Each structure stands twice: as C-alpha cells, then as structure tokens.
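In this text, all values refer to a predicted model and were calculated from it rather than measured experimentally.
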Amino acid sequence: MTAFFSEAYDGLRLPALTTLDYELYTQAQLKAYRFYSGHCYWRDYSRLPSDTRMFTVLRQPVARVVSLYQYWGSISTDHLTDGIVIEAIQIARNSSIYEFITSKNVFIREAIVCGQIRQFLRPDLERKVEMLCETECGKYEIITQVFDTFSRFEAVLTVERLSESLPILLKRLGLKNYGIIPHVNSSSPRENIDVERVKGLLFEMSYIDFVIYDLVQSLEEQYLRQGAAELGGGDRLHEVLAG
C-alpha cells in the first residue's frame, strides 16, 4: 500500500520509517515531499505542511501484539546497536509470548503499554503515559488527547475493515483505485498461542488500548456509512471505484 501511495504522489515519499528518521529532517526539508509514512509520533507529523491530509490505520490490540511478537522474533539484530532494543528482540526470539508481554524491558513495555496510541499524544503526555494510565482522570486525559488528534485526521481506520474503508479514502483524496488489496503484515506462528490468555494479560496491562480501539470502530462505522452514501451505496465499494 505504501508503494501505491508513493507512486500516486509522484514518488515524492519521505524516506523515513520511524520517529528517529523524522528527527533527521528540518521542517523546511519536509516540505519537499508529498507523501509521509512510517511509525511517527505527534512531534513528527505536527511538523508536516499545514495542508497535509493525514490518516492512520489501527489494529485490534491482541492481533497487533501477536504480530509484533512474531515479527520481532524473526528479525536479525546484526544491524542494531542499541542494547535495550537488541535485548527486546532476543526476548521475542527466545521467550513465550506471555513472557514477552510481561517483560520489564523498556522497549517492549513501550510497545505493549499504550503501544498503539502513544503516537497520537502530545510529547508532554507521551512521556508520562504509563503514570496517567494508573488513574481514571489520567485515562480520560489520554482518551481526550487521542481523539483531539484524530479530529485532525482525514480518516481513522482499522486493519480489519480496510478493504471497505480504503476505497472511500482514495475517492476522497481524489486518487484512482487500481484494485489494490490491503496487505496485513504477518509472520508464521512459532507456537500455539492462547489468544484469550494474551487478551487477559493485555487487558490488565493496557486496558485503554481496547477502549480506544472500540471507539475507533464506532467512528469507522460512521465513516463507512457516509462513504456508502457518497458512492451510491453498496456493500462492495471497491468494485464501484475500480470500475
């Protein structure tokens, strides 16, 4: 999908994959590109040109962590230099998913505890997100900030319904849908995973991820209904656009 958008915007894609890459570019340099992607944070996309139309895709919390565990357990550490990151990869490679989720490794905790929503928080909230999650007022502050960020986005979608929502997004962006099929990153399972046990651990550690995901699903439902009306209805909207 990234390749599609890059081509649609004349190949002017910022060659950045993570927030560490975004830090290498000045605000003036960012203006030279037309498409931005990667695992970036509020501090990164808040520096993009003011007319940038942003969207994000969230994943069901359990599926996300299972995929993360499988992926980290399959990659090499040869190119890495950060000891904490290397340790995290080794834990994913040599431990069960349950040990991975409950690990004290800082890099893993950042990926697990509010791992999917940290990128939508202002830096002042991101730095203390785990502390905020310990109180109801803190959780409310996080949810409020996340949805304030979402209100500035063109769309907030989910992986699970991307085949329905993506055609609407392309239509609204004025892009032609050439029958592209969204691809969900996945790795071959390395063990039999008890999904309910994983869900229980995650629910205990990062309940707010589930709350926000459920709210996003409701927003996406509205997005799909509005999109169907714009495109003349129909359950298979991708056929309408591909035609």
Side-chain angles (χ1 to χ4, degrees), residues 1-19 21-60 63-64 67 71 116-120 146-186 212-213 215-243:
M1 192 164 72
T2 298
F4 168 83
F5 278 103
S6 179
E7 183 177 349
Y9 289 104
D10 304 319
L12 295 176
R13 172 178 174 257
L14 179 72
L17 298 177
T18 71
T19 184
D21 298 323
Y22 274 81
E23 292 175 356
L24 302 176
Y25 295 84
T26 66
Q27 200 157 352
Q29 289 173 323
L30 290 172
K31 291 181 179 179
Y33 300 91
R34 296 190 63 207
F35 175 59
Y36 312 86
S37 62
H39 296 282
C40 56
Y41 281 65
W42 191 95
R43 60 178 175 269
D44 303 314
Y45 51 78
S46 64
R47 296 194 300 124
L48 298 181
S50 59
D51 60 347
T52 302
R53 298 171 72 177
M54 296 183 289
F55 73 95
T56 190
V57 182
L58 301 188
R59 194 167 191 175
Q60 198 278 338
R64 172 185 171 271
S67 177
Y71 175 65
Q116 188 162 220
I117 62 176
R118 288 176 185 260
Q119 65 199 49
F120 307 116
V146 168
F147 280 88
D148 177 67
T149 300
F150 286 167
S151 69
R152 307 176 191 184
F153 283 18
E154 182 76 25
V156 181
L157 312 175
T158 69
V159 167
E160 289 71 25
R161 302 194 70 176
L162 201 52
S163 61
E164 300 171 75
S165 59
L166 184 60
I168 297 170
L169 176 63
L170 295 179
K171 177 72 172 180
R172 291 182 174 180
L173 293 176
L175 301 176
K176 177 70 175 177
N177 177 9
Y178 293 101
I180 64 170
I181 300 175
H183 172 69
V184 179
N185 293 327
S186 60
I212 289 179
Y213 183 79
L215 291 171
V216 164
Q217 283 186 303
S218 298
L219 289 177
E220 186 177 42
E221 190 64 43
Q222 296 176 24
Y223 184 83
L224 291 171
R225 286 200 300 269
Q226 293 170 355
E230 292 173 14
L231 298 173
D235 294 326
R236 304 183 66 185
L237 297 177
H238 60 284
E239 290 187 355
V240 175
L241 290 175

query = Side chain of Ser67, backbone of Ala63: donor and acceptor closer than 3.5 Å?
reply = no

inquiry  = Run the salt bridge (Lys or Arg N to Asp or Glu O under 4.0 Å) test against Arg64 and tell me which residues pass, sequence neighbours left out.
reply    = none

key: 4.5 Å side-chain heavy-atom contact, Phe5 and Leu175   = yes

inquiry  = Does any part of the side chain of Gln226, heavy atoms only, come nearer than 4.5 Å to the side chain of Glu221, both counted from C-beta?
reply    = no

Side chain to side chain donor-acceptor pair (under 3.5 Å) against Thr52, all qualifying residues, sequence neighbours excluded = none

ask   = Would a 4.5 Å heavy-atom cut-off, applied to side chains only, mark Tyr9 and Leu173 as touching?
value = yes

request  = Would you check, one step at a time, whether the test side chain to side chain contact (heavy atoms under 4.5 Å, CB included) holds for Tyr22 with Tyr36?
outcome  = CA-CA 10 Å; Tyr22 274 81; Tyr36 312 86; 3.5 Å; yes

ask   = Sequence neighbours excluded, which residues qualify as ring-ring contact (aromatic ring centres under 6.0 Å, His included) partners of Phe147?
value = Phe150

query = Does a side-chain heavy-atom distance below 4.5 Å link Gln119 with Cys40?
reply = no

ask   = Do the side chains of Gln29 and Thr26 get nearer than 4.5 Å, heavy atoms only?
value = yes

note = By side chain to side chain contact (heavy atoms under 4.5 Å, CB included), Ser37 pairs with (sequence neighbours left out) Thr2, Arg13, Phe35

key: Close side-chain approach of Pro15 and Tyr25, heavy atoms under 4.5 Å   = yes

key: By side chain to side chain donor-acceptor pair (under 3.5 Å) - contacts of Thr149 (at least two apart)   = Gln145

task = Taking all heavy atoms of Pro167 and all of Ser163, pick out the closest pair and write down the distance.
result = CD-O, 3.4 Å

query = With sequence neighbours excluded, what pairs up with Ser218 under the side chain to side chain contact (heavy atoms under 4.5 Å, CB included) test?
reply = none

Under 3.5 Å donor-acceptor pairs involving side-chain atoms of residues 151-160, not counting sequence neighbours:
unit_1: Ser151; atom_1: OG; unit_2: Asp148; atom_2: O; d: 2.5
unit_1: Arg152; atom_1: NH2; unit_2: Asp148; atom_2: OD2; d: 3.0
unit_1: Glu154; atom_1: OE1; unit_2: Arg53; atom_2: NE; d: 3.2
unit_1: Glu154; atom_1: OE1; unit_2: Arg53; atom_2: NH2; d: 3.4
unit_1: Glu154; atom_1: OE2; unit_2: Arg53; atom_2: NH2; d: 3.2
unit_1: Thr158; atom_1: OG1; unit_2: Arg161; atom_2: N; d: 3.4
unit_1: Thr158; atom_1: OG1; unit_2: Glu220; atom_2: OE1; d: 2.7
unit_1: Thr158; atom_1: OG1; unit_2: Glu220; atom_2: OE2; d: 3.3
unit_1: Glu160; atom_1: OE1; unit_2: Tyr213; atom_2: OH; d: 2.5
unit_1: Glu160; atom_1: OE2; unit_2: Gln60; atom_2: N; d: 3.3

task = State whether the number of non-hydrogen atoms from other residues, nucleotides or ligands found under 6.0 Å of Glu7 atom CD is greater than 12.
result = no

ask   = What salt bridge (Lys or Arg N to Asp or Glu O under 4.0 Å) pairs are there with at least one residue in residues 38-48, not counting sequence neighbours?
value = Arg43-Glu126

query = So how far is it from Ile212 CD1 to Ile117 CD1, rounded to the nearest 0.5 Å?
reply = 3.5 Å

ask   = Who are the side chain to side chain donor-acceptor pair (under 3.5 Å) partners of Asp10, not counting sequence neighbours?
value = Arg34

inquiry  = Please report the interatomic distance CG(Leu162) to CG(Leu58), rounded to the nearest 0.5 Å.
reply    = 11.0 Å

key: Heavy-atom side-chain proximity of Leu170 to Phe4 below 4.5 angstrom   = yes

message = Is there a side chain to side chain contact (heavy atoms under 4.5 Å, CB included) between Thr19 and Trp42? Walk through the geometry before answering.
response = CA-CA 9 Å; Thr19 184; Trp42 191 95; over 6 Å; no

